[in-house]
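What follows is a set of notes on a single structure, which appears directly below.
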Amino acid sequence: MQACPATPQCDAPAKALPSQSQGWTRSLAPGAMTLFSFAAAMLIAGSSAAVTPLYRLYQESLHLTPFWITIVFASYVASLLAALLTVGGLSDYVGRRPVILAALLLNAAAMILFAEAADVAQLILARAVQGLCVGVGTTALGAAILDTNRARGPLLNSVTPFLGMTAGSLGAATLITFAPDPLHRVYDVLLGLTAVMIALLWVMPESISRKTGALASLRPHVSVPTQSRSVLAKLTPANVAAWALGGLYLSLMPTVVATAMAVHSPWVGGVVVSALMLTAAVAVATFRDWPARRLILTGTSTLSLGVAVSMFGIHEQQVAALLAGTVIAGVGFGSTFSGTLRTLLPTAEPHQRAGLLSAFYVQSYLAFSLPAVAAGLSVPLIGLSTAAYLYGAVIVVLAIISMVASLFTNR
């Protein structure tokens, strides 16, 4: 997946980074930890998205229906949420580095399990371990970026998941198309990169002081600071719409492209998913100086328009229209995500960062998963295309609700 940046969009006063005695325990500068955390977060996000273009191959080799694809996806999100609810704020107590190490080790284990998966049960296990990795690593890496770079930290945290998922889905699609044995090659590459990051972590500085209460923090809970609750409630429709769109693309879109649109090249499905994520990242970077309210208004309007165009492309079996709608929706995804983070995260104190991020991602990943699972369950009853249309309609309605609400608020 963040303190208030020292930018004109944020009125909260900046606070000094930890001193050497408080957090920096190694000789490298804080900027090294910023770069490392950014790269590690991209790797984890990329690893989670690399599975998506492979779903079509798993369907053929393991004879999986869309129902089982969504079950595999649901196992990922369920374990991710379990991790967020228990260890999501752990790095606030034990430090960032131990939690990041655990996440990287889990990612390595997931890559090995994926490479060896021979049936749907093993695939579910691999995806569940990957969910633990993302849940453990997302908040710790995001908080480490903020610890070490207050000015650019929120921007980096906003673009990281999109850039990572773009690289993961597009890289996997490329290997599927051009490399031999993609069901193993994709995971070999990611395992090698994970090993490199584990080695680099050894020389990275710690960015926060340890404090007591680590065991108590493992009790399942959602920690939303009192001052953040009303803001989160106002942002919920927009956030749910944006992440539900991501869930559609990362769970069912390759199957929709191959089945409903009769385009069987894994490359096309990978490009469609990558287009959404890359456009979202570009939107976050391009509109970084916009006020948060303007971002949310722009995001919800383009999100609803893009989804409508995408559904038209699916109905007419026009890949060009689907890609055009995806690009428009990607602008909405990125703008909405950036606007929600920039509105919400400045409300947290430094010691509340990881906890608030955990709560934010719990909401986000529920929106990411539950609609996708419902769509997968409905496919045998109403068909894949109709399920996609209904899914898109719900996203459009939520986006419009949020857009209208933003027009009538001063925030």
Side-chain angles (χ1 to χ4, degrees), residues 39-66 68-80 82-83 100-138 141 161 164-201 250-255 258 264-267 269-271 273-274 277 369:
M42 276 193 60
L43 174 61
I44 287 175
S47 298
S48 69
V51 185
T52 300
L54 294 167
Y55 279 150
R56 186 63 183 171
L57 299 184
Y58 284 124
Q59 282 185 285
E60 295 173 354
S61 62
L62 302 180
H63 308 290
L64 303 182
T65 64
W68 281 110
I69 291 295
T70 55
I71 292 299
V72 171
F73 180 71
S75 69
Y76 161 74
V77 178
S79 63
L80 189 158
I100 292 170
L101 175 60
L104 291 172
L105 291 173
L106 284 169
N107 198 54
M111 296 305 100
I112 295 171
L113 289 170
F114 273 121
E116 299 300 322
D119 56 40
V120 68
Q122 293 175 340
L123 192 59
I124 289 172
L125 175 62
R127 204 63 162 128
V129 173
Q130 189 171 60
L132 290 175
C133 162
V134 176
V136 169
T138 295
L141 289 164
M165 287 187 282
T166 298
S169 57
L170 193 58
T174 301
L175 290 174
I176 292 170
T177 304
F178 300 108
D181 194 16
L183 287 177
H184 291 88
R185 190 72 62 211
V186 169
Y187 304 121
D188 290 343
V189 171
L190 292 170
L191 179 61
L193 292 174
T194 303
V196 170
M197 298 306 294
I198 291 173
L200 289 175
L201 179 62
L250 287 173
S251 62
L252 289 177
M253 188 55 74
T255 303
H264 300 292
S265 171
W267 173 257
V271 167
V273 174
S274 300
M277 302 305 170
S369 60

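Values below: all heavy atoms of this structure, side chains included; hydrogens, waters and symmetry mates excluded.
- Residues A173 and G270 come closest through the heavy atom pair CB-CA, 3.9 Å.
- V273 has its side chain within reach of P254: a pair of non-hydrogen atoms, C-beta onward, lies under 4.5 Å apart.
- For M253, the side-chain contact (heavy atoms from CB on, under 4.5 Å) test picks out L248, Y249, V256, V257, V272, I314, L322, with sequence neighbours left out.
- Between A50 and A172, the shortest heavy-atom contact is O-CB, 3.3 Å.
- For the pair V189/L193, a side-chain contact is recorded, criterion being any heavy-atom separation below 4.5 Å from C-beta on.
- In this structure, M277 and L250 have side chains that are in contact, with non-hydrogen atoms separated by less than 4.5 Å.
- A82 meets the side-chain contact (heavy atoms from CB on, under 4.5 Å) test with no other residue; sequence neighbours excluded.
- Here the straight-line distance linking atom CD1 of I71 with atom CG of L123 works out to 12.0 Å at 0.5 Å rounding.
- Listed by chain and residue number, S169 satisfy the side chain to side chain donor-acceptor pair (under 3.5 Å) test with S274 (two or more places apart in sequence, or in another chain).
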### Task
Carefully, step by step, assess V134 and Y76 under the rule side chain to side chain contact (heavy atoms under 4.5 Å, CB included).
CA-CA 9 Å; V134 176; Y76 161 74; 3.7 Å; yes
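- Atom-to-atom distance recorded for L183:CG and E116:CD is 11.5 Å, nearest 0.5 angstrom.
- Every side-chain contact (heavy atoms from CB on, under 4.5 Å) that S369 has, sequence neighbours left out, goes to F73, V77.
- The closest side-chain heavy-atom distance from Q59 to T255 is below 4.5 Å.
- Annotation: the span from M197 atom CE to M42 atom CE amounts to 10.5 Å, rounded to 0.5 Å.
- Considering only residues two or more places apart in sequence or on other chains, I176 meets the side-chain contact (heavy atoms from CB on, under 4.5 Å) condition with P53, L54, L57, P182, P266.
- To the nearest 0.5 Å, the span separating CD1 on I100 from CG on L105 amounts to 12.0 Å.
- The shortest distance between side-chain heavy atoms of I44 and C133 falls below 4.5 Å.
- Applying the side-chain hydrogen bond (donor to acceptor under 3.5 Å, both in side chains) test to every pair with at least one member in residues 172-183, sequence neighbours left out, gives these pairs: D181-H184.
- Among residues two or more places apart in sequence or in another chain, the side chain to side chain donor-acceptor pair (under 3.5 Å) test is passed with T194 by N107.
- Judged as a ring-ring contact (aromatic ring centres under 6.0 Å, His included), and not counting sequence neighbours, the contacts of Y187 are F114.
- Residue pairs meeting the side-chain hydrogen bond (donor to acceptor under 3.5 Å, both in side chains) criterion with at least one partner in residues 123-137, sequence neighbours excluded, are Y55-R127, R127-Q130.
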### Message
Run L132 and L80 through side chain to side chain contact (heavy atoms under 4.5 Å, CB included) and show every step you take.
### Response
CA-CA 5 Å; L132 290 175; L80 189 158; over 6 Å; no
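- To the nearest 0.5 Å, atoms CG (L191) and OG (S47) are separated by 9.5 Å.
- In terms of modelled atom types and a separation under 3.5 Å, the side chain of S48 and the main chain of A45 share a donor-acceptor contact.
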